[in-house]
Amino acid sequence: MDKELFYQACEKVKNNSRTPNGIGTLGEKTLHAVLKHYFEPYAGSHEVKIEKYIADIVGENGIIEIQTGGFDKLRNKLTSFLEVSSVTVVYPVASTKWLVWIDESGELTKRRKSPKKGNPCEIFFELYKIKPLLSHENLRLCVVMLDVEEYRVLDGWSKDKKKGSSRYERIPVGIVDEIHINGVSDYKRLIPENLPGEFTVRDFKKASGTSLRGAGLALNVLNDVGAVRREGKIGNAFVYKITDI
């Protein structure tokens, strides 16, 4: 993690933006643009055609794909890339989020800190969608924990128009951590340290702070890649144990 390089990337994208507050960069979302410049400052390595797809970055470390949306949209592209190169998929998670609302007139509200903290385990919701590719020898993952300003439009269905509102933009303002996953043993960096020796989905939920569904998806993925294994059942609940790999 290089904080100086990260802030340089933020400034570069902000200076290239069309708007005074840095929202929007020539059709590319700010979060994606910042991470692209952070992982590869040299613009000549950006947007390179590989086979029939465009890679975000192609450099000495292979292909890097910045994925700020759902991994279901990545499957075909990733399958193609993995056949010709090592591929690192970068997935950002908002560790701390400040919300800014945009009203009907385009005015911005004062930013307010969201009480919800981001969790690296959020990546499991997406990894489940590409589970058959996770054991490929050319695949690498990087979870980037960021501080983010999120701009949302007051166009929701609730009385205050916040529930069901549209996300307009995310602007990274700080970098907190990078979690690199280069093999089975690295998946253990996403496993909470305070788990008992044998545990259930509910134990994982409590230890990780994720939802019950999120804990279930996490253990499904972790079991599939070999980072945990099922030891049996307690009633209807599977019992898991972290492997020695």
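Keep in mind it's a predicted model, so treat the numbers as computed, not measured. Values below: every heavy atom of this structure, side chains too, minus hydrogens, waters and symmetry copies.
- In this structure, Lys36 pairs ionically with Glu47, as a charged nitrogen and a carboxylate oxygen lie closer than 4.0 Å.
- One finds a salt bridge joining Glu150 and Lys97 here, because a Lys/Arg side-chain nitrogen approaches an Asp/Glu carboxylate oxygen to under 4.0 Å.
- Ring pair Phe199/Tyr240 is parallel by interplanar angle, where below 30° counts as parallel and above 60° as perpendicular.
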With salt bridge (Lys or Arg N to Asp or Glu O under 4.0 Å) as the criterion, how do Arg229 and Glu231 come out once you've worked through the C-alpha distance, each side chain's angles and the decisive distance to 0.1 Å? CA-CA 6 Å; Arg229 66 172 179 266; Glu231 294 287 289; 2.7 Å; yes
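- A donor-acceptor pair is defined here as one N or O able to donate and one able to accept, closer than 3.5 Å; such a pair exists between the side chain of Asn138 and the backbone of Leu82.
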Working for side chain to side chain contact (heavy atoms under 4.5 Å, CB included), residues Tyr91 and Leu141: CA-CA 8 Å; Tyr91 183 70; Leu141 302 168; over 6 Å; no
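- For the residue pair Gly174 and Tyr7, the shortest heavy atom distance occurs at CA-OH, 3.9 Å.
- Donor-acceptor pairing under 3.5 Å is recorded for the side chains of Glu169 and Thr30.
- Within the structure, side-chain hydrogen bond (donor to acceptor under 3.5 Å, both in side chains) contacts touching residues 112-135 (residues at least two apart or in different chains) are Thr96-Lys117, Glu126-Lys129, Lys131-Asn220.
- A donor-acceptor pair is defined here as one N or O able to donate and one able to accept, closer than 3.5 Å; no such pair exists between the side chain of Asn182 and the backbone of Arg140.
- Enclosure of atom CZ in Arg213 is not indicated, since only 12 or fewer non-hydrogen atoms of other residues, nucleotides or ligands lie within 6.0 angstrom.
- Here Asp147 contributes atom CG and Trp98 contributes atom CH2; the two are 4.5 Å apart, rounded to the nearest 0.5 Å.
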Could you walk me through whether Leu146 and Val93 pass side chain to side chain contact (heavy atoms under 4.5 Å, CB included), step by step? CA-CA 6 Å; Leu146 301 168; Val93 174; over 6 Å; no
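- Rounded to the nearest 0.5 angstrom, Ile64 CD1 and Cys142 SG are separated by 8.5 Å.
- In the hydrophobic clustering of ILVMFWY residues, with side-chain heavy atoms under 4.5 Å counting as a link, Leu35 and Val87 come out apart.
- Looking at heavy atoms from C-beta onward, Leu219 lies out of side-chain contact with Phe238 at the 4.5 angstrom threshold.
- Rounding to the nearest 0.5 Å gives a distance of 10.5 Å between CG of Asn61 and OG of Ser45.
- Across all their heavy atoms, Arg189 and Ile179 have their closest contact at NH1-CA, 3.9 Å.
- Distance alone, capped at 3.5 Å, is enough to place a donor-acceptor pair between the Thr109 side chain and the Trp101 backbone.
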Full working for side chain to side chain contact (heavy atoms under 4.5 Å, CB included) between His37 and His46: CA-CA 9 Å; His37 284 281; His46 297 172; 3.6 Å; yes
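- Counting all heavy atoms, side chain and backbone alike, His180 lies closest to Asp186 at O-CB, 3.7 Å.
- Of the options Val34, Asp2, Val144, a side-chain contact (heavy atoms from CB on, under 4.5 Å) to Ile175 is made by Val144 and by none of the others.
- Remark: the Asp203 side chain and the Thr200 side chain contain an N/O donor-acceptor pair separated by less than 3.5 Å.
- No side-chain donor-acceptor contact under 3.5 Å links Lys73 to the backbone of Gln67.
- Heavy atoms from other residues, nucleotides or ligands lying under 6.0 Å from NZ of Lys188 number more than 12.
- Side-chain contact between Gln8 and Glu4: present, with at least one pair of heavy atoms (C-beta onward) separated by less than 4.5 Å.
- If you take CG on Leu217 and CZ on Phe204, they are separated by 10.5 Å, rounding to the nearest 0.5 Å.
- Hydrophobic clustering, with ILVMFWY side chains joined whenever heavy atoms are under 4.5 angstrom apart, keeps Phe39 apart from Val89.
- The two residues Pro92 and Leu31 come nearest to each other via the heavy atoms CG-CD2, 3.8 Å.
- A donor-acceptor pair is defined here as one N or O able to donate and one able to accept, closer than 3.5 Å; such a pair exists between the side chain of Arg152 and the backbone of Ser165.
- With rounding to the nearest 0.5 Å, the separation of OG in Ser85 from CD1 in Ile63 is 4.0 Å.
- Between Asn15 and Lys12, every side-chain heavy-atom pair lies at or beyond the 4.5 Å cut-off.
- Put simply, Leu5 and Val176 are part of two different groups of oily side chains (I, L, V, M, F, W, Y) that touch within less than 4.5 Å, one to the next.
- Interatomic distance, CG of Leu78 versus CG of Leu139, reported as 5.5 Å (0.5 Å rounding).
- Between Ile130 and Asp72, every side-chain heavy-atom pair lies at or beyond the 4.5 Å cut-off.
- When all heavy atoms are compared, the tightest approach of Tyr38 to Met1 is OH-CA, 3.5 Å.
- Between Glu65 and Lys77 there is a salt bridge, since a side-chain N of the basic residue sits under 4.0 Å from a carboxylate O of the acidic one.
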Trace of the ring pair (Phe, Tyr, Trp, His ring centres under 6.0 Å) decision for Phe71 with Phe125: CA-CA 9 Å; Phe71 281 20; Phe125 284 96; over 10 Å; no
Residues Leu212, Val201; criterion side chain to side chain contact (heavy atoms under 4.5 Å, CB included); working and verdict: CA-CA 7 Å; Leu212 188 63; Val201 170; 3.7 Å; yes
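- Side-chain contact between Ile50 and Val58 is present, with heavy atoms from C-beta onward closer than 4.5 Å.
- His32 has its side chain out of reach of Arg170: every pair of non-hydrogen atoms, C-beta onward, lies at least 4.5 Å apart.
- Residues Lys49 and Glu51 come closest through the heavy atom pair CE-O, 3.2 Å.
- The same ILVMFWY cluster, assembled from side-chain heavy atoms under 4.5 Å apart, contains both Ile171 and Leu108.
- Hydrophobic clustering (ILVMFWY, side-chain heavy atoms < 4.5 Å, transitive): Val143 and Phe6 are in distinct clusters.
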